[in-house]
Protein chains: 2
Amino acid sequence: MALKHAVLAALLDGEFSGYQLAKAFDIGVANFWHALPQQLYAELTRLEAEGLVAGRQVVQETRPNKRLFRVTDEGLAELERFAAAASRPSFIRDDLLVKVQAVDRIDAAPVIGQLGERARMAAAKVEIFEQLLVRLRGGADEAEFLAHGTRIGPYLTCLRGLGFERETRDWCERIAGVLRARADAPDRA
Amino acid sequence: MALKHAVLAALLDGEFSGYQLAKAFDIGVANFWHALPQQLYAELTRLEAEGLVAGRQVVQETRPNKRLFRVTDEGLAELERFAAAASRPSFIRDDLLVKVQAVDRIDAAPVIGQLGERARMAAAKVEIFEQLLVRLRGGADEAEFLAHGTRIGPYLTCLRGLGFERETRDWCERIAGVLRARADAPDRA
DNA sequence: TTCCCATACTCAAGAATATGACTAATCATA
DNA sequence: TATGATTAGTCATATTCTTGAGTATGGGAA
């Protein structure tokens with residue numbers, strides 16, 4: 001039940017509609033969690049029923065009406081409890097790694113292709129995150145911002161996302177290179 | 001349906017029982033996927049019914065009997081198909097990141113504690129992976145092994161696991177430091 | 001002026017994953 | 001000589017996540 005808390009955490013920075021949250025959780029700008037729109041709408045409904053978030057209708061003329069949600073005091077208390085409890089460890093679960101694990105026994109060509117593609121996706125995220133970090137610290141020096149900024153949570157998780165994507169990019173490029181070299185100069189075992 | 005292929009990939013390196021796989025997938029030594037014992041036993045049963053793995057009973061006197069599984073030719077063909085198809089992108093999903101995201105609005109102390117704990121766990125995994133890499137390349141030079149080794153898949157995924165855990169360790173230590181410093185020298189905003 | 005895209009959301013069903021409880025034997029430890 | 005850990009699994013249930021389809025409106029491009 002951690003999507004619940006991810007939504008609460010995402011709503012700490014203001015009022016958002018399900019649609020807005022959905023975009024953030026889908027693209028992975030909210031790089032601390034991932035979820036589909038359907039999950040988010042359902043979760044928001046549950047959270048509102050529990051009184052952990054409060055929604056208000058915003059009538060729009062040019063667009064469909066929307067509901068904006070904010071965290072209630074009870075919601076914040078629930079987050080507090082969640083943070084104090086033990087975290088379940090996080091695990092890697094990645095199709096591409098499964099393919100690399102098997103790469104000696106299957107055709108390497110499509111795996112090499114997918115490694116390149118993944119590397120490009122990771123590189124794109126690296127750029128996005130780097131720009132986001134600059135925006136979040138508002139031009140200030142990083143050390144200064146981390147020491148005295150008033151809202152550093154999103155910055156810290158973005159740092160994690162940045163490190164993760166850099167690692168992904170570098171690993172994919174390196175492994176693709178290794179596999180290409182083996183394909184070019186085959187087995188003189 | 002990727003647990004299926006993770007199991008197939010794990011069985012490429014020999015015959016294993018459900019119990020052995022369960023340990024590997026639980027601890028995360030099989031660092032390319034994670035699954036619980038119940039999932040694995042169920043998956044092995046399904047895979048055997050589909051003819052993708054073959055099991056044989058091994059009678060033991062001092063221990064309960066066990067069933068060892070190996071990948072069939074059809075299983076290998078299935079892996080081949082899987083590798084050629086597109087991978088679904090992998091996403092971060094981590095309780096601890098949710099807590100860090102919220103850290104400005106809740107008590108930071110338990111989060112700092114959990115960051116330290118997670119850093120220690122990651123450091124332990126780094127050591128395990130480093131030793132595993134040495135064992136996998138059998139004393140050979142890494143570049144030489146990657147160029148001419150006969151089974152590099154597990155080595156490559158282990159490299160990814162190592163990079164991931166190093167990143168995790170460093171990030172956790174850095175963030176814990178940042179949060180401790182803010183707790184010691186509080187807000188003169 | 002038709003078609004696609006963005007906004008904003010809902011419903012249903014299915015697949016995958018997690019939780020908890022159980023059996024049953026041997027082995028080491030206190 | 002209890003106690004707990006390790007080996008080797010099974011069963012049932014609950015939660016979570018994914019897939020697919022659908023509703024409705026307005027704006028911009030072809």
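Sequence lines set the chain letters: A, B, ... in the order given, protein chains first and strands last, and positions in each chain run from 1.
Put simply, OH on B/Tyr41 is 19 Å from P on C/dC22, counting in whole angstrom units. In this entry the distance linking CD of B/Glu43 with P of D/dG9 reads 16 Å, nearest Å. The CZ-C1' distance, from A/Phe16 to C/dT7, rounds to 16 Å in whole Å. We find that CG of B/Leu3 is positioned 12 Å from C1' of C/dA15, with the value rounded to whole Å. Between the OH atom of B/Tyr19 and the C1' atom of C/dT26 there is a distance of 12 Å, given to the nearest Å. If you take CG of A/Leu40 and C1' of C/dC9, they are 12 Å apart, rounded to a whole angstrom. With rounding to whole Å, B/Phe25 atom CZ is found 14 Å from C/dT17 atom C1'.
For A/Ser17, whose side chain is taken as the heavy atoms from C-beta onward, the closest listed nucleotide among D/dA8, D/dC17, C/dC9 is C/dC9.
The stretch residues 58-67 of chain A comes close to DNA chain C through A/Gln60, A/Arg63, A/Pro64, A/Asn65, A/Lys66, A/Arg67, each having a heavy atom under 4.0 Å from the strand.
For residues 105-119 of chain A, the salt bridge (charged side-chain N to carboxylate O under 4.0 Å, His left out) pairs, not counting sequence neighbours, are A/Asp94-A/Arg118. Sorted by first then second residue, the salt bridge (charged side-chain N to carboxylate O under 4.0 Å, His left out) pairs that include residues 76-87 of chain A, not counting sequence neighbours, are A/Glu78-A/Arg81. Counting only residues at least two apart or on different chains, the salt bridge (charged side-chain N to carboxylate O under 4.0 Å, His left out) pairs with a member in residues 36-50 of chain B are B/Lys4-B/Glu50, B/Glu43-B/Arg46, B/Glu48-B/Arg67.
Partner A/Arg182 forms a side chain to side chain contact (heavy atoms under 4.5 Å, CB included) with one of A/Ile112, A/Val103, A/Asp104 and no other, that one being A/Asp104.
For A/His34 and A/Phe25, the gap between ring centers reaches or exceeds 6.0 Å. Ring to ring, A/Tyr155 and A/Phe145 are close: their centroids are under 6.0 angstrom apart.
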Completion exercise
In B/S/- notation (B base, S sugar-phosphate only, - none; protein heavy atoms under 4.0 Å), nucleotides 18-23 of chain D written 5' to 3' is BBBB--
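Projected onto DNA chain D by closest heavy-atom contact, B/Gln20 and A/Arg46 fall at different nucleotides, the more 5' of which corresponds to B/Gln20.
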For residues 169-179 of chain A, tabulate all N or O donor-acceptor pairs below 3.5 Å that involve a side-chain atom, not counting sequence neighbours.
from	atom 1	to	atom 2	distance (Å)
A/Trp171	NE1	B/Leu156	O	3.1
A/Arg174	NH2	B/Glu142	OE2	2.6

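Here the NE2 atom belonging to B/His5 is positioned 5.5 Å from the CZ atom belonging to B/Phe82, to the nearest 0.5 angstrom.
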